[in-house]
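Only this structure's heavy atoms are used, side chains among them; waters, hydrogens and symmetry mates stay out. Whatever order the structure lists ligands and atoms in, that order sets their numbers, starting from 1.
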Amino acid sequence: MNAIFPFGLPHPTAVYVTLFLLTFILHQAFMHYVLAGSLYLTWATIRQGQTTCLTEQPLSATLRDWMPFLLSAAITAGVAPLLFIQIVYQYQFYTANLLLWWRWGVVVPVMIIAFYLLYLIKSRTLWNWPYAVRAAVVVATSTSFVFVGFCWTINHLLANSEADWPEIYLTGRLPFSVVAVILRMLVWIGGSFATMSVIVGWQLQYRQSTDSDGGSVAGSRSLAGMSICGLAASLIAGTTYVALSGTASRSLVLGTFSLPFVLLTICGAILQAIGWSLQWRSNRLGVFGLATATTGLLMTLLGVSVIREAIRISAVDFASLYPRHVEAANVGGFGVFVVAAIAVTFVIAWCVRLVKMGMHDAGHGQSIQ
Ligand code: HEM
């Protein structure tokens with residue numbers, strides 16, 4: 001691994017890992033919106049007792065309106081990396097799935113329940129119910145998403161710990177340190193606030209620009225605060241995680257293979273901080289500030305995803321997987337994937353357009369059905 005990622009990897013391996021990473025970034029963008037959105041709404045609902053209707057403000061109203069759709073998008077966008085991971089790490093991924101046992105089995109029911117709860121959160125009905133019920137519903141929803149993410153984390157760690165598999169099979173106990181799991185979860189929970197802030201920032205900016213009185217929609221400072229705090233938490237947790245990982249992981253992450261991506265992550269984080277500082281100072285969501293934060297976000301997502309992959313590559317016998325990638329490339333199916341991806345993207349874009357037109361007719365979606 002003496003060349004920068006993905007150069008230096010055999011051609012089929014480089015193609016599959018790159019496709020995995022690009023599609024995984026898309027999954028992260030949508031999943032972050034739902035995860036951070038539901039956590040923010042939980043905080044807003046619990047605080048509602050003391051402040052004026054936080055859950056009715058544009059930020060919360062937009063999240064409530066869009067989270068069910070974004071969850072469908074996260075699930076749809078999860079399918080492509082799910083396919084590629086089975087090609088790249090078939091043996092490790094399947095074994096981890098089996099060893100995760102009942103925890104893996106409950107992920108789908110938990111996600112279905114959370115999906116319905118999102119629709120309840122979107123409806124007016126819930127907000128007429130007593131405070132305790134509202135709080136219970138939002139806490140259950142955000143906890144479900146954190147649990148699903150936790151299962152993905154454990155599955156990932158399991159896949160990377162081949163030496164522990166026999167013991168896990170015999171005892172059913174997972175040998176991971178609580179610190180490692182918490183640091184990993186902090187990376188994606190903190191990062192999810194940065195992503196959510198950018199996406200919902202554009203949504204609020206659009207609303208601001210179409211407001212008949214040209215007024216500014218409140219929320220730029222809340223989003224700036226959430227994004228910068230989330231980013232800081234994510235970067236500190238990520239740095240500590242890499243520092244505590246083995247020598248092999250550290251030398252691959254800080255070597256030629258992925259050092260440029262470490263720098264990309266840092267530059268992306270700085271750009272995001274600049275973008276959000278501009279909006280904080282003007283107390284308004286501006287196109288330039290949002291575009292700067294978006295560019296930084298894309299750089300950070302790409303950088304972190306490659307670093308994450310470098311750690312996994314150092315933890316498994318990666319070279320032994322190359323023949324399997326050659327075999328998969330000879331089977332084909334890439335054309336079908338591209339056609340399906342274009343068709344799905346077109347259908348989703350069309351749905352968004354329909355929803356946007358419907359919201360426009362209903363007055364910018366300010367009302368909650
Ligand atoms: C809202 C529900 C979901 C949440 C909160 C969620 C969260 C996560 C998180 C946090 C990770 C990274 C774990 C880590 O690196 O420690 C992850 C990875 C992943 N997720 Fe999701 N996910 C959700 C739904 C889905 C669904 C429905 C699919 C598939 C259809 C999916 C496919 C994947 C894949 C393929 C990975 C990469 C696994 C790996 O590299 O080991 N996710 N997800």
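In this structure, Tyr91 has its ring center under 6.0 Å from that of Trp165.
Among protein heavy atoms, atom 27 (C) of ligand 1 sits closest to Met111 CE, 3.4 Å. Protein heavy atom at the shortest distance from atom 12 (C) of ligand 1 is Arg308 NH2, 3.7 Å. Remark: minimum distance from atom 13 (C) of ligand 1 to any protein heavy atom is reached at Thr153 OG1, 3.6 Å. In terms of protein heavy-atom proximity, atom 40 (O) of ligand 1 is closest to Arg312 NH2, 2.8 Å. Among protein heavy atoms, the minimum distance from atom 5 (C) of ligand 1 is reached at Phe145 O, 3.4 Å.
Residue Glu167 places its CD atom among 12 or fewer non-hydrogen atoms of other residues, nucleotides or ligands, all under 6.0 Å distant.
Contacts between Leu157 and ligand 1 below 4.0 angstrom, taking non-hydrogen atoms only, are absent altogether. Residue contacts with ligand 1, taken as heavy atom pairs separated by less than 4.0 Å, do not involve Tyr33 at all. Residue contacts with ligand 1 for Leu71 involve side-chain atoms from C-beta outward but no N, CA, C or O (heavy atoms, distance under 4.0 Å). Under 4.0 angstrom from ligand 1, the non-hydrogen atoms of Phe24 all belong to its side chain.
Below 30°, between 30° and 60°, or above 60°: for Trp152 and Trp104 the angle between ring planes is above 60°, a perpendicular geometry. Between Phe261 and Phe5, the angle of the ring planes goes over 60°, which puts this pair in the perpendicular group of the 30/60° scheme.
Distances shorter than 4.0 angstrom occur between a heavy atom of Val79 and an atom of ligand 1.
Residues Gln279 and Leu285 approach most closely at OE1-CA, 3.3 Å, considering heavy atoms. The shortest non-hydrogen separation linking Ala80 to Phe337 is CB-CE1, 4.1 Å.
Here the side chains of Phe20 and Glu309 are in contact, with some heavy-atom distance below 4.5 Å.
Proximity annotation for atom 16 (O) of ligand 1: of Arg184, Gln86, Glu309, Arg184 comes nearest, heavy atoms only.
Side-chain atoms of Ser234 come within 3.5 Å of backbone N or O of Val187 as a donor-acceptor pair.
Around atom 21 (Fe) of ligand 1, the protein atoms of type N, O or S found under 2.8 Å away are His27 NE2, listed by chain and number.
A cation-pi contact, defined as under 6.0 Å to the ring centre and within 45° of the axis, links Arg221 to Trp280.
Residue pairs meeting the salt bridge (charged side-chain N to carboxylate O under 4.0 Å, His left out) criterion with at least one member in residues 315-327, sequence neighbours excluded, are Arg324-Glu327.
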